[in-house]
Amino acid sequence: MKYCNVIILDIVSDELDRKFTYRVPEKYLDKIIEGVLVKVPFGKRRLLALVVEEVIKIDFPKEKLKDIVGVVFDTPVLTNDLLKLANWMSQYYLCSLSKVVNTMLPKGVKLGINPAYEKYVELTDKEMADSISKKASKQKNVCEILQEENVLKWNELLQKANCTEAPVKSLQEKGVITVNKKRVYREPISYDKVAHYAYKEPTHAQKTVLKLIKDQLHSRDKIPTLLFGVTGSGKTEVYLQVIEEVLKNNKDTIVLIPEISLTPQTIARFVGRFGDKVAVIHSRLSTGERFDQWEKVLRGKAKIVVGPRSAIFAPCKNLGLVIIDEEHENSYKQGEIPRYHVRSVAEKRCEMTDSSLILGSATPSMESIYKVKENKYQLAELSKRATDATLPDITLIDMKSEFQRGNKSIFSKTLLDEIKRNTDLDKQVILFLNRRGYASFLLCRECGYTITCPRCEVTLTYHKFSDRLLCHYCDYTEPVTSHCPSCKSNKIKEFGTGTQKIELELKKYFPYLSTIRMDVDTTSKKNSHKELLDDFKNQKAQVLIGTQMITKGLDIPNVSLVGVITADTALNLPDFRAGEKTFQLLTQVSGRAGRGEGKGHVVIQSYNPSHYSIQAVRGENVRKFAKEELAMRKKLNYPPYSQLIRIVLRSSEENALENYADHLADKLEDQEYEVLGPNPCPILKIKDEYRWHLMVKVKKDKFINDKKLQDFLLEEKHNITEQGIIRISIDVDPINLL
DNA sequence: AGCACGCCGACT
DNA sequence: GTCGGCGTGCTC
């Protein structure tokens, strides 16, 4: 190619977030193709860029075009299908191609090739700093900040001082401060003698499922498989044996797992079966390690990639299979730009590369169940647990009548009895609390005042460990007070049921029981998650109290009782998926009971136990639940029967925000689009910014082809961003509606 | 983002 | 005048 478009990788700034055209010098004619990394002159600098396409018609003064000055890597860093996929994502999720490409490439691609440096600023000449004249106010300010912090990252300093880099550079020239570049070193990954994970002869059910999936592997018109299997039904062994088959055809596999399940045990199964053919990606890897894993795939040395959401972008040259385990997990949707859902992206990549797709879950998403109904997915079912363990008994407790009977405790009588009975038998108990949003907060019993975050207007959570109040949406924190800021009484005390509170309450009834608590506070340290679980597994405590994080992949045979303190919390969220989330969560939690010998028991406490989402948890009745849930979705025309585009508007100026939200909704309605809202977001304020949102509802799968709507939204975004008061973000197929 | 340009206030 | 701080505009 003679001329090509590139996107800049070094920087992500809105203004540079587009394509630039360069001339290809003669000597690179055979080297430069799509997906190649190059060096380009850009202003006075030389930057790393990615060649994305050939340009034939140039809409830029040809004589002003500059030459590409270097080719950085001996091979394209994005395979052909990935580049196509990037273009599709850019269109589908309405974001720039450079944002997509930047998420596709590991950070280390840039750093590994250009050694990794980070700029640090340090105050070195204190005397001179003090002698800076007052008129250089910005410099003075920068010095003051550095007096406090000593060493700061370059961009953090600019942010803190709220200045451009000019004053900092001046200080550097004067020798008041020094700027150090710190090399980021990468560490190799070790496959540390992972024990071989032996082939297991498939059960009858597994054989049936394997046949269905393998037929798809060799079929011409492939459709994805929804592998529906209850917890412990042996899905992993099915995955492993399908991968074996794919390997035989010399094709590559990508296995996607929610980050939280990427535990050493899970990894050990894949590495234990396939050894160094496996590349593993997880959040604990350093940039360098991540780069190494990525390169292993690019060079064809790894045939299997196991990783979270982002692993769907592994540069496999010969993709044959993608597996999405726990496909219903919300973490498969990226919360930032590009706001992609890995299920949709995987479907597209498989379609482009003629690969098979397996979606595994015990509680599939409504999206996937609906596709089975439409015959767009095939259903493969593993109904029985692979081991002989049977499904647990589930008791639903109505907390309203419990309260009416005079039980004001957070534990129902049944749950207390069960805790006693099970621990008396030397069995272990898990107590589950829905989310930390329901942890304790300070409430004045005199006047009802609660302490909220001054920036986000949400209730601050009380953390006993640090004895401070904490905001869960920003990093705001303040000390506890003994007197109510509103009425000055001393009746302001912690209230609510956090994991700590449950632990304390439990001690009142059973002072002799030892407990382990798992939540964000106790697991923030590296490895503490695993350590706590190991302790529990080794029966160092009889009761495990935890939030969400204990629901996944926990397999402890001695647990015979699971208690859910309040099932309602998720149900009450202002979200049309609340029922689905509640059902999935409760089913997952229930699956933790009775994984060894003997029947497990689950006690679910709820203020609304007749709700179908809670009722259907009995017997893990996914079909029953799906029937009711889909009927509701259809009636209200929610996904999967329609497609939503959520538009979030943020501003510190409430009036301007509300006016613009109304204006935008009107404009959309004028064009005959169905609009929900505008409304204030359920979380009205985050980090000093008010938030409003509105939802555009289109016919399912129609947004990608609705150029008119896409252009309108991009145009609006452009115009409103230029004014600088309101910020706008667009989320196609949103999961989070808060 | 980061580079240079150029305006403008302060000081020889 | 002229020096330096710091905002502004541009990058194929």
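Every chain is numbered from 1 and lettered A, B, ... according to where its sequence line falls, protein lines coming before strand lines.
Evaluation of the side chain to side chain donor-acceptor pair (under 3.5 Å) rule for A:Asp74 yields A:Arg299 as partners, not counting sequence neighbours. Legend: residues meeting salt bridge (Lys or Arg N to Asp or Glu O under 4.0 Å) with A:Asp701, ordered by chain and number and at least two apart, are absent. Every residue meeting the side chain to side chain contact (heavy atoms under 4.5 Å, CB included) condition with A:Asp81, not counting sequence neighbours, appears here in chain and number order: A:Thr79, A:Arg349, A:Thr353. For A:Tyr92, the ring pair (Phe, Tyr, Trp, His ring centres under 6.0 Å) partners two or more places apart in sequence, or in a different chain, are A:Trp88. Partners of A:Asn705 according to the side chain to side chain contact (heavy atoms under 4.5 Å, CB included) rule, which considers only residues two or more places apart in sequence or in another chain, do not exist here.
Residues from residues 24-33 of chain A placing a heavy atom under 4.0 Å of any atom in DNA chain C do not occur. Residues from residues 162-172 of chain A that place a heavy atom under 4.0 Å from any atom of DNA chain B, listed by number: A:Glu165, A:Lys169.
As judged by a 4.0 angstrom heavy-atom cut-off over every strand, A:Phe60 is placed among the base-contacting residues. Within 4.0 Å (heavy atoms only), A:Lys62 reaches no atom of the nucleic acid at all. Residue-level contact check: A:Pro41 touches the backbone only, with heavy atoms under 4.0 Å from sugar-phosphate atoms and none from bases.
We find that CG of A:Leu158 is positioned 14 Å from C1' of B:dC3, with the value rounded to whole Å. One can place CG of A:Asp17 at 16 Å from P of B:dG2, the figure rounded to the nearest angstrom. Between A:Trp154 atom CH2 and B:dG2 atom P there is a gap of 8 Å when expressed in whole angstrom units. Atom CG in A:Leu48 sits roughly 14 Å away from atom P in B:dG2 (whole-Å rounding).
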Could you pull out all donor-acceptor pairs under 3.5 Å where a side-chain atom in residues 658-666 of chain A meets a protein atom, sequence neighbours excluded?
{"unit_1": "A:Asn659", "atom_1": "ND2", "unit_2": "A:Asn655", "atom_2": "O", "d": "3.4"}
{"unit_1": "A:Tyr660", "atom_1": "OH", "unit_2": "A:Glu716", "atom_2": "OE1", "d": "2.7"}

Return a table of donor-acceptor pairs under 3.5 angstrom between the side chains of residues 31-40 of chain A and protein atoms on other chains or two or more places apart.
none

Under 3.5 Å, which donor-acceptor pairs do the side chains of residues 160-176 of chain A form with other protein atoms, sequence neighbours left out?
{"unit_1": "A:Lys160", "atom_1": "NZ", "unit_2": "A:Glu149", "atom_2": "OE2", "d": "2.9"}
{"unit_1": "A:Ser170", "atom_1": "OG", "unit_2": "A:Ala166", "atom_2": "O", "d": "3.2"}
{"unit_1": "A:Lys174", "atom_1": "NZ", "unit_2": "A:Gln139", "atom_2": "OE1", "d": "2.6"}

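Counting all heavy atoms, side chain and backbone alike, A:Lys317 lies closest to A:Asp252 at N-OD2, 3.5 Å.
Judged by distance alone, the side chains of A:Thr178 and A:Glu122 never bring a donor and an acceptor atom under 3.5 Å apart. Remark: the A:Tyr28 side chain and the A:Glu26 side chain contain no N/O donor-acceptor pair separated by less than 3.5 Å.
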### Message
Apply side-chain hydrogen bond (donor to acceptor under 3.5 Å, both in side chains) to residues A:Asp17 and A:Ser96 and explain how you reach the verdict.
### Response
CA-CA 7 Å; A:Asp17 199 355; A:Ser96 68; 2.6 Å; yes

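Between A:Asp733 and A:Arg646 no salt bridge is recorded (no basic side-chain N to carboxylate O distance below 4.0 Å).
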## Note on the structure
Given protein heavy atoms under 4.0 Å, the one-letter contact record of nucleotides 5-12 of chain B, with B base, S sugar-phosphate only and - none, is simply --------

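In 5' to 3' order, the nucleotides of DNA chain C bounding all contacts with chain A (an atom under 4.0 Å from a heavy atom) are C:dG5 to C:dC12.
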